[in-house]
There are 2 protein chains.
Amino acid sequence: MVARSRRSLGLQHAEPARVTLQDALHALADPVRRQILRALDGEPDFSRACGTFDLPVSKATASHHFAVLRAAGLLEQLDQGPRRLNRLRRAEFDARFPGLLALVLAEPAGDPVSDG
Amino acid sequence: MVARSRRSLGLQHAEPARVTLQDALHALADPVRRQILRALDGEPDFSRACGTFDLPVSKATASHHFAVLRAAGLLEQLDQGPRRLNRLRRAEFDARFPGLLALVLAEPAGDPVSDG
DNA sequence: CCTCCTGTTCGATCGCTATCGTACAGTGGT
DNA sequence: ACCACTGTACGATAGCGATCGAACAGGAGG
């Protein structure tokens, strides 16, 4: 239990090499999480904070989803002031599970809830 | 509801082209189902009946898992007498979600429950 | 210092699904 | 006809996880 100031330099990021297929598939099996990944695709690294995603869930739920994605080695987060910037760990995750992320990113939005 | 004799020529098989990524990922997110797919890998088509898999679940649960896999376009089943022979729909599924099945089949067993 | 903003944590709820035992339905052999 | 075998259908249960509101914790700015 290293206390730090709760947020400082880095967060607990799962090494993609240690992520199990179970964890990866579980993380990707949720439509909201895939939506996050898709939104992150094509954007510059660390250009989007958690709050900038138009998600069909509450703030608390979104926070949960970000944590799952981080634990699955799918994204890296960086604290910048009060906000937490995200980066899609494309290369790392693709090295661990080749082609898997590509399938998710290629999927059409298909989520009528959030798009309206 | 065409009655037939409940089993005759074919079963309701999902066209892999119509399977959503959601369904595919959901189907693959279960370790027992992945175990089935892995066991089916490397075996000749339609050489294994449902009962020949050494699964860590009951007959009823296994039947459920086979149904999910069939619905996800991951396997094709063929009735031969009292038993239902299975075939991994490798090519079809790979055409729909390239590389996804390969990841599952490449995964180590890692399920200490069934192997003993 | 206080206030606003961002994100996490907590506790509770709700729904889905994996699980099981049992009963049922075909098929094949005797 | 009967029985053994294989798999499904059904009803019930349990546990996990997605969800929420509210409270909390830092940082930025006035």
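Throughout, protein chains are lettered first and strands after them, A, B, ... in sequence-line order, and every chain is numbered starting at 1.
At distances below 3.5 Å, at least one donor-acceptor pair connects side-chain atoms of A:Arg33 with backbone N or O atoms of A:Ala27. Side-chain atoms of B:Ser63 never come within 3.5 Å of backbone atoms of B:Ala60 as a donor-acceptor pair (strictly under, hydrogens ignored). Judged purely by atom type and a 3.5 angstrom limit, B:Asn86 uses its side chain to pair as donor or acceptor with the backbone of B:Arg84.
In the set C:dT8, C:dC20, D:dC20, C:dC20 carries the atom at the smallest distance from any side-chain atom of B:Ser58. In the set D:dA18, C:dT19, C:dG7, C:dT19 carries the atom at the smallest distance from any side-chain atom of B:Val57. When distances run from any side-chain atom of B:Pro82 to the nucleotides C:dA18, C:dT27, C:dT6, the shortest one goes to C:dT27.
In this structure, A:Asp30 places its CG atom 18 Å from P of D:dC16, rounding to the nearest Å. Across the protein-nucleic acid pair, B:Gln80 atom CD and D:dG7 atom P stand 11 Å apart, rounded to whole Å. Atom CG in A:Leu55 sits about 13 Å away from atom C1' in D:dA18, given to the nearest Å. The CG-C1' distance, from B:Asn86 to D:dG7, rounds to 11 Å in whole Å. Per the geometry, CG belonging to B:Leu25 stands 14 Å off P belonging to C:dT17, to the nearest Å. Between the CZ atom of A:Arg34 and the P atom of D:dA18 there is a distance of 12 Å, rounded to whole Å. Here the C1' atom of nucleotide D:dA18 and the NE2 atom of A:His26 are 9 Å apart, to the nearest Å. Going from atom CG of B:Asp79 over to atom P of C:dT27 covers 9 Å, rounded to whole Å.
With A:Leu69 as the partner, the side-chain contact (heavy atoms from CB on, under 4.5 Å) test is satisfied by one option alone out of A:Ile36, A:Val32, A:Leu88: A:Ile36.
Rounding to the nearest 0.5 Å gives a distance of 11.5 Å between NZ of B:Lys59 and SG of B:Cys50. Atom CG of residue A:Leu28 and atom NE2 of residue B:His26 lie 14.0 Å apart, to the nearest 0.5 angstrom. Remark: B:His13 NE2 to B:Arg70 CZ distance equals 6.0 Å, nearest 0.5 Å.
Of the residues in residues 60-70 of chain B, those with a non-hydrogen atom less than 4.0 angstrom from any atom of DNA chain C are B:Ala60, B:Thr61, B:His64, B:His65. Listed by residue number, B:Ala49, B:Cys50, B:Gly51 are the residues of residues 42-51 of chain B with a heavy-atom contact under 4.0 Å to DNA chain D.
Two different hydrophobic clusters hold B:Leu78 and B:Val68 under the rule that ILVMFWY side chains link at heavy-atom gaps under 4.5 Å.
At C:dA18, one or more side-chain N or O atoms of B:Arg33 fall inside 4.0 Å of OP1 or OP2 (strictly under the cut-off). The side chain of B:Arg83 contributes no N or O atom lying less than 4.0 Å from OP1 or OP2 of C:dG26.
Side-chain contact between A:Phe46 and A:Glu76 is present, with at least one heavy-atom pair separated by less than 4.5 Å.
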Please list every donor-acceptor pair under 3.5 Å in which a side-chain atom of residues 93-101 of chain B meets a protein atom from a residue at least two apart or in another chain.
unit_1: B:Asp94; atom_1: OD1; unit_2: B:Gly99; atom_2: N; d: 3.0
unit_1: B:Arg96; atom_1: NE; unit_2: B:Pro16; atom_2: O; d: 3.1
unit_1: B:Arg96; atom_1: NE; unit_2: B:Ala17; atom_2: O; d: 3.1
unit_1: B:Arg96; atom_1: NE; unit_2: B:Val19; atom_2: O; d: 3.0
unit_1: B:Arg96; atom_1: NH2; unit_2: B:Val19; atom_2: O; d: 2.9

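Under the salt bridge (Lys or Arg N to Asp or Glu O under 4.0 Å) criterion, A:Glu92 pairs with A:Arg87, A:Arg89, not counting sequence neighbours. With sequence neighbours excluded, no residue forms a salt bridge (Lys or Arg N to Asp or Glu O under 4.0 Å) with B:Arg34.
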Distances under 3.5 Å only, N/O to N/O: pair up the protein atoms with those of nucleotides 11-13 of chain C.
none

